[in-house]
Amino acid sequence: MRLEQTLFGVKFQNPILLAAGTCGFGEELGGVLNLGALGGIVTKSVTLEPRTGNAAPRVVEAGNAMLNSIGLANPGLERVVEEKLPWMKEHLADIRVFVSVAGHTPEEFWRIVEGLEREEGFLGYELNLSCPNDARRGGLPFALDREALREVVVGARELTQRPLLVKLAPNVPDVGPVAEAAEEAGADGITLLNTMPGLIIDLESKRAALGAGSGGLSGPALRAVGVHAVHRARACTTVPLVGVGGVTGTGDALQYLLAGASLVQIGTATFADPRAAQRVVAGIAKYGERTGLESVTDLIGAYHAEGDAVSAHGGRL
Ligand code: RRO
């Protein structure tokens with residue numbers, strides 16, 4: 001089965017990417033897995049200024065999931081341009097790199113895009129409008145407020161011809177219309193989903209298990225939520241979708257493809273098994289051989305949704 005596909009005008013050698021916040025800027029994981037065997041990576045979210053991040057502990061296990069409040073720890077725009085992009089240009093030329101962008105205001109997003117636009121070493125942007133651990137100035141997170149989302153995306157669209165992904169949040173009544181708003185505003189693709197807001201309380205101290213209090217839940221417990229979100233977004237939009245949430249094995253990635261995602265990101269699984277993404281690429285190839293498919297694109301959106309009550313009532317399949 002052919003794993004490659006052309007999206008956003010460029011070739012992806014396979015549909016598996018590492019998710020934002022789980023692979024740094026590539027260099028951090030270069031020694032433990034072969035990044036060149038993947039479809040691509042999404043960097044840690046970049047902010048205008050460097051951020052040291054939140055108080056420890058920043059990550060705790062939560063049953064079949066993980067709760068984090070990293071607090072956007074990153075070197076900031078200037079050092080990303082000076083140190084991270086040159087490394088990515090040299091070492092990740094064969095895979096597709098998206099720089100994740102985050103900010104408190106629309107202007108911060110736009111200034112980061114402006115600051116990166118003339119640089120090399122990456123393909124496009126993933127606008128992180130859905131970080132559960134970093135409030136938008138003066139309101140709900142961008143991905144929970146369609147007007148705010150629209151403003152950021154329209155402004156970014158005016159600044160770049162590069163592929164522009166928009167990353168949405170799980171905690172909305174229906175992600176379909178939010179995805180639709182992102183497409184209308186100019187997004188080339190939509191990433192579904194970021195982590196789900198959550199809280200774990202330590203019984204001894206009666207304090208939060210995380211240093212920062214609440215955090216974002218990720219891992220296998222989120223997979224069905226992510227697959228459903230991709231299915232809803234597929235019914236409401238036409239741009240390529242990127243599925244993320246709870247992928248640990250081949251079958252999980254296949255579910256995202258069947259629901260309508262063209263690309264699938266692996267995040268939390270990498271912490272337990274740094275080679276999880278490579279394993280899933282190999283597993284998809286094996287599945288293709290076994291089932292006699294010609295191309296991975298034959299899988300995308302092949303979910304039989306006819307009997308799905310939500311599709312029947314809410315969607316536009
Ligand atoms: O850095 C974080 O705390 C963080 C971010 Br930016 C995000 O988008 N999602 C998340 O779960 N954590």
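Both ligands and their constituent atoms are indexed starting at 1 by order of listing. All residue numbers in this chain count up from 1 along the given sequence. Excluded from the calculations below are hydrogen atoms, water molecules and symmetry mates; all remaining heavy atoms, backbone and side chain alike, are included.
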* Asked: Thinking salt bridges, do Glu289 and Lys286 make one under a 4.0 Å N-O criterion?
  -> no
Under a 4.0 angstrom heavy-atom cut-off, which atoms of ligand 1 come close to [X]?
X      : result
Thr195 : 9 (N), 10 (C), 11 (O)
Gly71  : 1 (O), 2 (C), 3 (O)
Cys131 : 4 (C), 5 (C), 6 (Br), 7 (C), 8 (O)
Leu72  : 1 (O), 2 (C), 3 (O), 6 (Br)

* Only one of Leu241, Leu17, Val42, Ile300 forms a side-chain contact (heavy atoms from CB on, under 4.5 Å) with Leu263, so which one is it? -> Leu17
* Asked: Are Leu165 and Ile16 grouped together when hydrophobic residues (ILVMFWY) are joined by side-chain heavy atoms under 4.5 angstrom apart?
  -> no
* Structure fact -> the protein heavy atom lying closest to atom 12 (N) of ligand 1 turns out to be Asn68 OD1, 2.9 Å
* **Nearest-contact summary for atom 9 (N) of ligand 1 - protein heavy atom, Å** => Asn194 OD1, 2.9 Å
* Have Gln161 and Glu117 got a donor and an acceptor in their side chains that come within less than 3.5 Å? -> no
* Asked: Are side-chain N/O atoms of Asp298 and Ser295 paired as donor and acceptor at under 3.5 Å?
  -> no
How does [X] reach ligand 1, if at all, at less than 4.0 Å between non-hydrogen atoms: by side chain, backbone, both, or neither?
X      : value
Met196 : neither
Asn133 : side chain
Ala102 : neither

* To do: Could you pull out, from Thr22, Asn74, Asn128, the option with a heavy atom nearest to atom 8 (O) of ligand 1?
  => Asn128
* To do: On the 0 to 90° scale, with breaks at 30° and 60°, tag the Tyr125-Phe122 ring pair as parallel, tilted or perpendicular.
  => perpendicular
* Asked: Which class fits the ring pair Phe98 and Phe12: parallel under 30°, tilted 30 to 60°, perpendicular over 60°?
  -> parallel
